Amino acid sequence: MTERLSAGALRELFLFEKLSEEQLAWLAERGEVRSYPAGTTVYSAGEPATWLFVLLDGTLSMSVRAGGTEIEMNRTDHRGTYAGAFMAYLDLPLARTYVGTLRAVTGCRFWELPAADFAWVLQEWFPMATHLIYGFAMQGMATQQTVSTRERLVALGSVTAGLTHELNNPATAAARATATLGQGQARLWDELATLTHGKLAVDRLAALIDLVRQANSGHAEQAPLSPLQASDREDELEGWLEDHGVAAGWDLTPPLVAAGVDAALLERVAESVPAELLPHAVGVLAVTCEAGSLLDELADAVARISSLIGATKQYTQMDRGPLQLIDVHDGLESTLTMLAHKLGAGVEVSRDYDRSLPKLPAYAGELNQVWTNLIHNAIDAMEGHGTLTVRTRGDGDHVLVEIGDTGPGIPDEVRDRIFEPFFTTKPVGEGTGLGLDICWRIVVQRHHGDLRVTSTPGDTRFQVLLPTSGPTTS
């Protein structure tokens with residue numbers, strides 16, 4: 001049999017003491033009294049908010065999760081304390097689920113009212129107050145949404161700047177190599193025209209071409225030279241050219257040395273052409289050797305650009321569905337590529353990956369935003385000098401991703417607040433205080449994982465735990 005509370009008993013609760021007899025009677029008809037043994041979880045955070053709970057007897061505990069741990073917000077035996085669907089009158093997503101967890105510390109009795117009835121009471125009996133509270137809630141959400149959008153745009157701007165910086169170097173190298181190749185081509189035609197107009201015998205021209213081909217084929221096998229070794233060989237070849245009447249040796253020797261050409265090969269070139277045509281034969285050799293080096297530079301530049309584009313597509317999840325089976329290492333590597341410009345020479349990246357980890361269902365684009373925020377914060381904390389550690393491990397039925405830095409650490413007095421919206425330890429104007437809040441929402445609320453932090457001077461670690469079963473889609 002359902003136990004109910006009389007109108008007189010309801011008036012003794014501070015929440016209802018100002019209501020009329022008619023209103024109390026209406027509530028008495030719809031509310032129910034239920035009991036819970038000690039240790040019972042009355043409701044959990046994230047469950048649909050279907051009841052308003054008012055404490056009649058016992059001690060309750062209300063808690064929320066933050067920083068990977070459960071924090072008790074209130075423990076009380078005060079009669080009339082209310083919890084649960086107390087925001088049901090707001091037609092907003094935040095009012096549809098319980099924001100925390102309610103437990104019975106001792107045996108508890110609650111008067112419970114369905115959320116739909118409580119919503120009707122507030123909207124019909126107190127319309128002005130309801131409108132005011134609704135407006136306040138909407139303004140707060142709009143403010144948070146605006147600042148959250150700005151946080152995402154700032155992160156996007158940082159990534160875009162980094163990508164532009166990374167693309168600039170290979171693009172500039174490709175443009176420079178292309179321009180030099182064009183100039184070299186013109187020189188090559190001039191040298192070949194002089195050789196052919198000099199009535200160089202066909203067999204000698206064929207011998208020269210074989211020598212040029214031999215020099216260029218040996219380019220790939222040439223071991224890298226130190227600056228001192230290259231300078232010594234250039235001096236050697238420049239002396240040879242001067243002895244054989246070839247001018248501008250300082251301009252010809254760098255590509256010859258880079259291709260591995262030595263004095264012995266130049267002697268063979270000299271034997272293949274008349275003395276008056278030797279400068280032009282050496283010119284052909286130098287131009288083709290330089291062209292080989294420039295083509296290698298172009299190949300490297302194009303490969304780098306292609307790699308950056310691939311990393312960008314992975315980072316943005318272009319042409320991919322939102323929920324997909326991912327390897328977390330792909331997202332971490334693409335994020336490190338996007339933020340390479342921020343690392344500088346003073347920050348060393350230490351990768352400690354467990355490549356045996358299974359793929360897991362996840363919203364890859366959103367996780368990349370988590371990696372961006374955590375790595376960005378770690379780099380800022382080290383102020384240009386230190387070690388950024390990116391580690392992956394298995395942790396039961398979860399995948400653990402850890403971002404560590406050797407910065408000064410997070411002060412104890414603010415560590416419990418770092419996941420709060422709008423809280424920041426950065427100077428005014430440098431942080432919105434939503435970066436870690438966004439991470440929390442993506443990891444905990446979106447993926448049903450966990451986000452933790454440990455910090456001591458020289459060792460701060462943010463740990464992201466993602467379930468291998470993936471987020472539920474219900």
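Worth saying up front: this structure is predicted, and the values here are computed from it rather than measured. Computation of the quantities below employed the complete heavy-atom set of this structure, encompassing side-chain atoms and omitting hydrogens, waters and symmetry-equivalent molecules.
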- Short side-chain to backbone donor-acceptor contact, T40 and V42, under 3.5 Å: no

- Message: For a quick test of reading the model, state the closest non-hydrogen atom pair linking P254 to E234 and the distance between them.
- Response: CA-OE2, 3.7 Å

- Message: Whether D395 and R393 form a salt bridge (side-chain N of Lys/Arg under 4.0 Å from carboxylate O of Asp/Glu) is what I want to check.
- Response: no

- Non-hydrogen atoms of C289 and L256 that approach each other most closely: SG-CD2, 4.3 Å

- Query: Take atom OH in Y82; do more than 12 heavy atoms of anything else shown fall under 6.0 Å from it?
  - Reply: no

- Item | L343 side chain reached by I379 side chain, heavy atoms, under 4.5 Å | yes

- Message: Looking at A362, is its backbone amide N or carbonyl O close enough to the side chain of H447 to form a donor-acceptor pair, meaning the two atoms are under 3.5 Å apart?
- Response: no

- Note on the structure: NE2 of H448 to CG of D450, rounded to nearest 0.5 Å, is 12.5 Å

- Would you confirm whether T406, through its side chain, and D459, through its main-chain N or O, come within 3.5 Å as a donor-acceptor pair? no

- Message: Taking the basic N atoms (NZ, or NE/NH1/NH2) and the acidic carboxylate oxygens, is any pair closer than 4.0 Å for R391 and D354?
- Response: no

- Task: Apply side chain to side chain contact (heavy atoms under 4.5 Å, CB included) to the pair Y43 and T50, showing each step before the final yes or no.
- Result: CA-CA 10 Å; Y43 63 75; T50 54; over 6 Å; no

- Task: Decide side chain to side chain contact (heavy atoms under 4.5 Å, CB included) for S469 and D397; before the verdict, give the C-alpha distance in whole Å, the side-chain angles of both, and the deciding distance to 0.1 Å.
- Result: CA-CA 8 Å; S469 58; D397 57 355; over 6 Å; no

- Query: What are the two closest non-hydrogen atoms of V105 and S61, and how far apart are they?
  - Reply: CG2-CB, 3.6 Å

- Just by distance, do the side chain of S350 and the backbone of T389 share a donor-acceptor pair under 3.5 Å? no

- Can you see which heavy atom on R4 is nearest to which on A28, and at what distance? CD-O, 3.6 Å

- From CG (D117) to CD (E29), nearest 0.5 Å: 10.5 Å

- Query: Do R30's NZ or CZ and the ring of W26 fall within the cation-pi criteria of under 6.0 Å and 45°?
  - Reply: yes

- Donor-acceptor contact below 3.5 Å, side chain T337 vs main chain E333: yes

- Answer yes or no: is there a side-chain heavy-atom contact under 4.5 Å between V370 and E366? no

- Item | Side chain proximity check, V54 to E112, heavy atoms < 4.5 angstrom | no

- Could you tell me which non-hydrogen atom of A7 sits nearest to which non-hydrogen atom of A25, and how far apart they are? CB-N, 4.2 Å

- Output for pair (R79 CZ, L13 CG), nearest 0.5 Å, gives 5.0 Å

- pair Y363-R446: side-chain heavy atoms closer than 4.5 Å: yes

- Task: For residues T454 and F462, determine if any side-chain heavy atom of one lies less than 4.5 Å from a side-chain heavy atom of the other.
- Result: no

- Could you walk me through whether H78 and L55 pass the side chain to side chain contact (heavy atoms under 4.5 Å, CB included) check? CA-CA 7 Å; H78 184 66; L55 181 66; 5.9 Å; no

- Report yes if some heavy atom in the side chain of L466 is under 4.5 Å from a heavy atom in the side chain of L367; otherwise report no. yes

- Where do Y353 and L332 land on the side chain to side chain contact (heavy atoms under 4.5 Å, CB included) test, with the steps shown first? CA-CA 10 Å; Y353 292 159; L332 291 169; 4.0 Å; yes

- Message: With a 6.0 Å cut-off (strictly less than), is the heavy-atom count around CD of E383, excluding the residue itself, greater than 12?
- Response: no

Got a list of side-chain donor-acceptor pairs under 3.5 Å for residues 173-182, not counting sequence neighbours?
from, atom 1, to, atom 2, distance (Å)
T178, OG1, A174, O, 2.7
T180, OG1, R176, O, 2.9

- Residues in side-chain hydrogen bond (donor to acceptor under 3.5 Å, both in side chains) contact with T59, at least two apart in sequence or another chain: none

- Task: Give, for atom NZ of K342 and atom CG of L388, the distance between the pair rounded to the nearest 0.5 Å.
- Result: 12.0 Å

- Charged N to carboxylate O below 4.0 Å: is that the case for R11 and E17? no

- Note, H398 side chain near L360 side chain (heavy atom, < 4.5 Å): no

- Supply the atom-to-atom distance L400 CG to R461 CZ, rounded to the nearest 0.5 angstrom. 10.0 Å

- Query: Any donor-acceptor pair under 3.5 Å linking the side chain of R103 with the backbone of L60?
  - Reply: no

- OG of S63 to CE of M73: how many Å apart, nearest 0.5 Å? 9.5 Å

- With under 30° as parallel and over 60° as perpendicular, where do the rings of F16 and W111 fit, or are they tilted in between? perpendicular

- Over all heavy atoms of both residues, which pair between P408 and A381 is shortest? Give the atoms and the distance, please. CD-O, 3.2 Å

- Item | Aromatic ring pairing Y98/F53, orientation class (parallel under 30°, perpendicular over 60°, tilted between) | tilted

- Query: Charged N to carboxylate O under 4.0 angstrom, E3 versus R34?
  - Reply: no

- Indicate yes or no: at least one non-hydrogen side-chain atom of V33 is less than 4.5 angstrom from one of L56. yes

